[in-house]
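What follows is a set of notes on a single structure, which appears directly below.
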Amino acid sequence: MKITVVGAGNVGATCADVLAYKEIGNQVVLLDIKEGIAEGKALDIWQKAPIDLYDTRTIGVTNDYSRTADSDVVVITSGLPRKPGMSRDDLISTNANIVRSVTENVVKHSPNAIIIVVSNPLDVMTYCAHITSKMPRTRVMGMAGILDTARYRAFLADEINCSPKDIQAMLMGGHGDTMVPLPRYTTVGGIPVTELVAKDKLDAIVNRTINGGGELVKLMGTSAWYAPGSAAAQMVEAIVKDQRRIFPVCLKLEGEYDIDNCYLGAPVVLGKNGIEKIIELKLNDEEKALLEVSRQKVTEVMQVLDNIVEKS
Ligand code: LMR
C-alpha cells in the first residue's frame, strides 16, 4: 500500500512517522513545496527504522507529484496553521487555494486514491477538496472527529482517573466552536459516562473539548500536531487494512440527519472503499438543535469558499 502525505509541517511529518512506525503501509511519500524539508524529515523517519524496527520505506519529495503516483490513500495537511487569536475560519482564503491546487495534483497522479483532508478550516477544506476532485463523497473526507473525541476522552480519563483506552465516545458537527460532543453516546468500560461524572463536570469537559484546539494554540503559539497526525494515520489504517472501524468523520451529508449539502462530522464505518456506511444516530431535540447550529455555521463558511472559487 502506498500512502502520500502532502505537507511536511508538524502534522504531516507526525502523520508520516506514525504511518511508518506502525507499518500502516509499505511506502510513505511525504511531499512539501519547500525545498528539502520533506526529504529531510522522511530521511530522519527512515533512519529511525532500525531503532524502532519497522520497514516502511519513507521518501521525501519537493513538489514532485509524479513520485506520489498511484497512491492508495492521500492525506492533505497543507496550508497555514492558525496563530493565537485566530479562528480556524480565518485561514480560509489562504488555505482554499492551496488545498485546491494540491487536490488537482493528487487526482491527476492518483485518480483512485482515497483523500483525507486535515487542513483548516476542516469542514470547508473537505468541501473544497471534494468539489475539486469530482470524486464520490465516500472517497473524500475530513479528519477532525477522531481528534476531537480523543481530546474529550483524554479529559474524561483525567477526571475519572482511568485509562483512556476504556473510554468510547462519539461526536458530531463541525470542527470548531459548534462541534457537538455526545455524552449520551459516551461510555467508560461499558458504563454510561453520565453515571460516573456529575453534569457540571461533564459540561466543563465538553466545553474544554470544544475549545481544545485553541487551548493548544494559546500554549504553543501554533496549532497542535501529535494528536492530529495520529488521528489522520488512524483513518488511513482503517482504510488500508479494511478494518471497518467506526469513527466520526467529516463528509458531505446528503439527507442524513435531515441535512443536505453540508460537510459535517458524523459516525461512519471506514474500510477499503473509504466511507462504507454512514450511521444515523437517534438524536434528541437538544442534540438536533446543536447540530443545526453547526450546520448553519459551516454553511456560512462554505459560502465564503463559493465566493473565493467564483472570483478565481
Ligand atoms: C486542532 O484542533 O488542533 C486543529 O484543528 C488545529 C487548530 O488550529 O486548532
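First listed ligand is number 1; within each ligand, the first listed atom is number 1.
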* To do: For H175, take its heavy atoms, then give the atoms of ligand 1 lying under 4.0 Å from any of them.
  => 1 (C), 2 (O), 4 (C), 5 (O)
* Would you mind listing which atoms of ligand 1 come within a distance below 4.0 Å of any non-hydrogen atom of S223? =>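 Those of ligand 1 that fall under 4.0 Å from S223 are 6 (C), 7 (C), 8 (O).
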* Would you mind telling me if ligand 1 is within reach of the side chain of N120, the backbone, both or neither, using heavy atoms under 4.0 Å? =>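 For N120, only side-chain atoms sit under 4.0 Å from ligand 1.
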* Aromatic plane relationship, Y263 with Y127 - under 30° parallel, 30 to 60° tilted, over 60° perpendicular -> tilted
* Asked: Is there a donor in the side chain of T68 and an acceptor in the side chain of T4, or the other way round, less than 3.5 Å apart?
  ->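 There is no such pair (donor and acceptor under 3.5 Å, judged by atom type) between the side chains of T68 and T4.
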* Who gets closest to atom 2 (O) of ligand 1 by heavy atom: M143, R82, R151, M86? ->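 Going through M143, R82, R151, M86 one by one, R151 has the nearest heavy atom to atom 2 (O) of ligand 1.
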* Determine whether M143 and P228 make a side-chain contact, defined as any pair of heavy atoms from C-beta on separated by less than 4.5 Å. => yes
* To do: Give a yes/no on ligand 1: does L147 have at least one heavy atom closer than 4.0 angstrom to it?
  => yes
* Answer yes or no: is there an ion pair linking D44 with K48, defined by an N-O contact shorter than 4.0 Å? => no
* To do: Please determine if R295 and E292 form a salt bridge, counting it only when a charged side-chain N lies under 4.0 Å from a carboxylate O.
  =>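 Answer for the salt bridge query: yes.
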